[in-house]
Amino acid sequence: MKIRKANLNDVNLLIALRLDFLRMNGANFTVEEQIAIVAQMRKYFQKHIPLGDFIAYLAEENGQVASAAYVVIEERPANGSFITGIVGNLINVLTYPEYRHAGLATRVIGVLIEECRQLGVSAIDLNATEMGRGVYERLGFKVMRDVAMRLKL
């Protein structure tokens, strides 16, 4: 199993992995929605991979992706939880069913965490699914007391 960092040549692959992740988590898109989502993701990846504020790692076996994880990095005003003001948001942690329970998500996330440390990221946030919760806790993630809220515009 090879773990590698995604690059601009992987934009179509990153889009496909993201769509798979969303579908595995219950998303159902109309054709129009999927076209709009794909167009946005293509622009996003082409812009943010070179900026370095989007990082993805892939675990591959025989040229096929078995597992992947993305992190979006942003700078905010610092506080006690993130002294450097730099935080990451772990998204799109995906392991295809036939590769599960082999530690791949743990390995891919571990590589992302190490790169985040090197970049001065103070904290990494995520929204955990029940399936992934054990992996995240073993890696040191803690449940926060704050309740996530969103205003959809």
Side-chain angles (χ1 to χ4, degrees), residues 1-76 81-82 84 86-144 148 150:
M1 191 69 57
K2 174 185 169 187
I3 296 178
R4 70 173 181 87
K5 186 175 183 176
N7 59 55
L8 280 174
N9 294 324
D10 295 310
V11 167
N12 288 335
L13 178 59
L14 294 171
I15 291 168
L17 292 168
R18 180 76 175 147
L19 290 172
D20 284 352
F21 171 83
L22 294 171
R23 286 187 189 108
M24 286 177 165
N25 284 285
N28 212 355
F29 308 115
T30 65
V31 172
E32 295 81 16
E33 288 171 332
Q34 182 166 323
I35 290 169
I37 289 167
V38 167
Q40 188 282 336
M41 283 193 284
R42 184 173 313 288
K43 286 181 193 173
Y44 178 88
F45 294 139
Q46 289 172 338
K47 176 181 179 182
H48 291 278
I49 290 171
L51 290 174
D53 59 0
F54 171 84
I55 301 166
Y57 275 91
L58 313 172
E60 296 177 326
E61 185 170 74
N62 300 321
Q64 295 289 352
V65 175
S67 187
Y70 304 172
V71 69
V72 176
I73 298 171
E74 66 178 316
E75 187 172 9
R76 303 177 185 169
S81 296
F82 39 89
T84 65
I86 304 172
V87 296
N89 188 18
L90 183 64
I91 63 169
N92 213 90
V93 177
L94 164 72
T95 302
Y96 287 103
E98 61 270 27
Y99 297 102
R100 290 184 182 153
H101 308 294
L104 293 177
T106 300
R107 289 176 54 201
V108 171
I109 296 167
V111 173
L112 268 176
I113 291 170
E114 186 51 41
E115 183 155 347
C116 285
R117 275 193 185 101
Q118 293 173 9
L119 294 171
V121 174
S122 292
I124 302 172
D125 298 323
L126 63 82
N127 289 322
T129 62
E130 206 47 50
M131 187 181 352
R133 187 174 178 154
V135 171
Y136 305 131
E137 288 176 343
R138 284 190 295 280
L139 286 164
F141 285 86
K142 306 272 188 255
V143 175
M144 304 300 294
R150 171 173 294 137

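Quick note: residue numbers are just sequence positions, from 1. Note that the structure is predicted; figures quoted are calculated from it, not measured.
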Quiz prompt | Check: I124 and N89 side chains under 4.5 Å, non-hydrogen atoms | solution = no
Under 3.5 Å, which donor-acceptor pairs do the side chains of residues 57-71 form with other protein atoms, sequence neighbours left out?
residue, atom, partner, partner atom, Å
Y57, OH, E115, OE1, 2.4
E60, OE1, R4, NE, 3.0
E60, OE2, R4, NE, 3.2
E60, OE2, R4, NH2, 3.1
S67, OG, L94, O, 3.0
S67, OG, T95, OG1, 2.8
Y70, OH, L14, O, 2.7

Quiz item: Side chains of I3 and V108: does their closest heavy-atom pair fall under 4.5 Å?
Solution: yes
Quiz prompt | By side chain to side chain donor-acceptor pair (under 3.5 Å) - contacts of Q40 (at least two apart) | solution = none
Quiz item: Judged by modelled atom types alone, do R23 and N28 share a side-chain donor-acceptor pair under 3.5 Å?
Solution: no
Exercise. Could you pull out the closest heavy-atom pair between F45 and L8, with the gap in Å?
Key: O-CD2, 3.9 Å
Quiz item: Shortest non-hydrogen contact from I49 to N7?
Solution: CD1-O, 4.0 Å
Exercise. Kindly indicate whether the side chain of K43, heavy atoms from C-beta on, has any atom under 4.5 Å from the side chain of M41.
Key: no
Quiz item: Stepwise, does the side-chain contact (heavy atoms from CB on, under 4.5 Å) test hold for M24 with Y96?
Solution: CA-CA 10 Å; M24 286 177 165; Y96 287 103; 3.5 Å; yes
Quiz item: Under 4.5 Å between any side-chain heavy atoms of F82 and D125, yes or no?
Solution: no
Self-check item: Rounded distance [0.5 Å steps], OH in Y44 versus CD1 in I37
Solution: 15.5 Å
Exercise. Report yes or no: does D10 contribute a side-chain atom to a donor-acceptor pair with the main-chain N or O of A6 at less than 3.5 Å?
Key: no
Exercise. List the atom of F21, the atom of N92, and the distance in Å for their closest heavy-atom pair.
Key: CB-OD1, 3.3 Å
Quiz prompt | Test log, rule side-chain contact (heavy atoms from CB on, under 4.5 Å), inputs I73 and V87 | solution = CA-CA 6 Å; I73 298 171; V87 296; over 6 Å; no
Quiz item: Given Q34 and L19, is the side-chain contact (heavy atoms from CB on, under 4.5 Å) satisfied, shown in steps?
Solution: CA-CA 9 Å; Q34 182 166 323; L19 290 172; 4.0 Å; yes
Practice problem: First locate atom CD of E137, then atom NZ of K142, and finally report the distance between them rounded to the nearest 0.5 Å. | Solution: 8.5 Å
Exercise. Please test F141 against I113 for side-chain contact (heavy atoms from CB on, under 4.5 Å), starting from the C-alpha separation and ending with a verdict.
Key: CA-CA 11 Å; F141 285 86; I113 291 170; 4.2 Å; yes
Quiz item: Do I35 and F29 have side-chain heavy atoms sitting under 4.5 Å apart?
Solution: no
Quiz item: How many angstroms lie between atom CE of M131 and atom OG1 of T129, to the nearest 0.5 angstrom?
Solution: 5.5 Å
Quiz item: Distance from S81 atom OG to R76 atom CZ, nearest 0.5 Å?
Solution: 10.0 Å
Practice problem: Answer yes or no: is there a side-chain heavy-atom contact under 4.5 Å between V11 and R42? | Solution: yes
Quiz item: Given side chains that start at C-beta, do those of L119 and I86 come closer than 4.5 Å, heavy atoms only?
Solution: no
